[in-house]
Amino acid sequence: QVQLVESGGGLVQAGGSLRLSCAASGRTLSTNFMGWFRRSPGKEREFVAAIKWSTGSTSYADSVKGRFTISRDNAKNTVYLQMNSLKPEDTAVYYCAAKNIASISYNTWGQGTQVTVSS
């Protein structure tokens, strides 16, 4: 079992930056992808970004491309989401997620961290 703990959320003005962190512990060797998702009030949870643990290859939602960067630190078992040029519509609870190599979808989730962007 993998455990995920997010940190780094907060309140920022539009145009500002935040960096989220997600520390993974437990059976991390079985994890092949890590991702970030978000949920805004009244909306469905949506994909933000993902990174393949072994190669570092990344993917992004169109809405964050060029503004957000996902990265990893293998030694610390930590994934980061650097968020720049933040917009009010980025306001959401951000969740870190891990996908097991035996799973077809993300199967472990963190508790979430609130990001609020003021206009």
Side-chain angles (χ1 to χ4, degrees):
Q1 189 75 2
V2 176
Q3 295 80 42
L4 304 173
V5 178
E6 302 105 330
S7 60
L11 173 64
V12 64
Q13 288 188 330
S17 299
L18 280 175
R19 189 177 81 157
L20 305 183
S21 299
C22 174
S25 61
R27 301 181 64 180
T28 58
L29 289 179
S30 61
T31 298
N32 60 345
F33 283 92
M34 296 283 291
W36 288 96
F37 293 76
R38 67 187 182 187
R39 177 176 284 157
S40 304
K43 294 186 178 181
E44 297 288 325
R45 184 175 62 200
E46 64 174 350
F47 168 77
V48 176
I51 188 165
K52 188 171 184 177
W53 199 254
S54 59
T55 64
S57 62
T58 59
S59 61
Y60 297 92
D62 288 343
S63 58
V64 306
K65 277 181 183 176
R67 299 188 299 122
F68 290 11
T69 303
I70 188 170
S71 61
R72 79 205 192 294
D73 184 328
N74 290 38
K76 296 181 179 180
N77 279 340
T78 298
V79 173
Y80 304 97
L81 185 68
Q82 178 67 43
M83 304 184 295
N84 298 329
S85 302
L86 282 161
K87 305 175 182 179
E89 51 264 42
D90 294 318
T91 295
V93 177
Y94 283 71
Y95 298 90
C96 177
K99 178 183 166 303
N100 185 285
I101 56 176
S103 175
I104 61 173
S105 62
Y106 289 88
N107 55 330
T108 301
W109 297 85
Q111 81 284 359
T113 185
Q114 177 70 47
V115 171
T116 302
V117 184
S118 63
S119 57

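This one's a predicted model, so the numbers in the text were calculated from it and none came from an experiment.
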Kindly indicate, with the supporting measurements, whether the criterion side chain to side chain contact (heavy atoms under 4.5 Å, CB included) is fulfilled by V5 and Q3.
CA-CA 7 Å; V5 178; Q3 295 80 42; 5.6 Å; no

Are any side-chain N or O atoms of S57 and backbone N or O atoms of T55, one a donor and one an acceptor, separated by less than 3.5 Å?
no

I'd like to check T108 versus L4 (side-chain heavy atoms, cut-off strictly below 4.5 Å). Are they in contact?
yes

Pairwise distance CD(E46) to OG(S63) - rounded to 0.5 angstrom
5.5 Å

Test item: T113 side-chain N/O and G9 main-chain N/O as donor-acceptor pair under 3.5 Å:
yes

Looking at every non-hydrogen atom in both residues, tell me the closest pair between M34 and C96 and how far apart they are.
CE-SG, 3.7 Å

Closest non-hydrogen atom pair, F33 against T31:
O-CG2, 3.4 Å

Is the closest side-chain heavy-atom distance between W36 and I70 below 4.5 Å?
yes

How about D90 and R38: do any of their side-chain heavy atoms sit closer than 4.5 Å?
yes

Closest approach of G35 and Y106, non-hydrogen atoms and distance?
N-CE2, 3.6 Å

Would you tell me whether E89 and T91 have side-chain atoms, one donor and one acceptor, within less than 3.5 Å of each other?
no

Just by distance, no angles: are the side chains of N84 and S17 close enough, under 3.5 Å, to form a donor-acceptor pair?
yes

R19 side chain to G8 backbone, donor-acceptor under 3.5 Å:
no

Rounded to the nearest 0.5 Å, what separates atom OG1 in T58 from atom OH in Y60?
4.0 Å

Begin from the C-alpha positions of F37 and F47 and carry the test ring pair (Phe, Tyr, Trp, His ring centres under 6.0 Å) through to its verdict.
CA-CA 5 Å; F37 293 76; F47 168 77; 5.7 Å; yes

Contact check, side chains of L81 and T69, non-hydrogen atoms, under 4.5 Å
no

Check whether any side-chain heavy atom of W109 lies under 4.5 Å from a side-chain heavy atom of V2, and answer yes or no.
no

CD/Q111: more than 12 non-hydrogen atoms of other groups inside 6.0 Å
yes

State, with a plain yes or no, whether a side-chain heavy atom of L20 is found less than 4.5 Å away from one of M83.
yes

Which of parallel (below 30°), tilted (30 to 60°) and perpendicular (above 60°) describes Y94 and F68?
tilted

Y80 side chain near C22 side chain, heavy-atom distance below 4.5 Å:
no

Does R39 offer a backbone N or O that forms a donor-acceptor pair with the side chain of R45 under 3.5 Å?
no

Working for side-chain hydrogen bond (donor to acceptor under 3.5 Å, both in side chains), residues S30 and N100
CA-CA 6 Å; S30 61; N100 185 285; 3.1 Å; yes

What pair of heavy atoms forms the shortest contact from S105 to K99, and how long is it?
O-CG, 3.5 Å

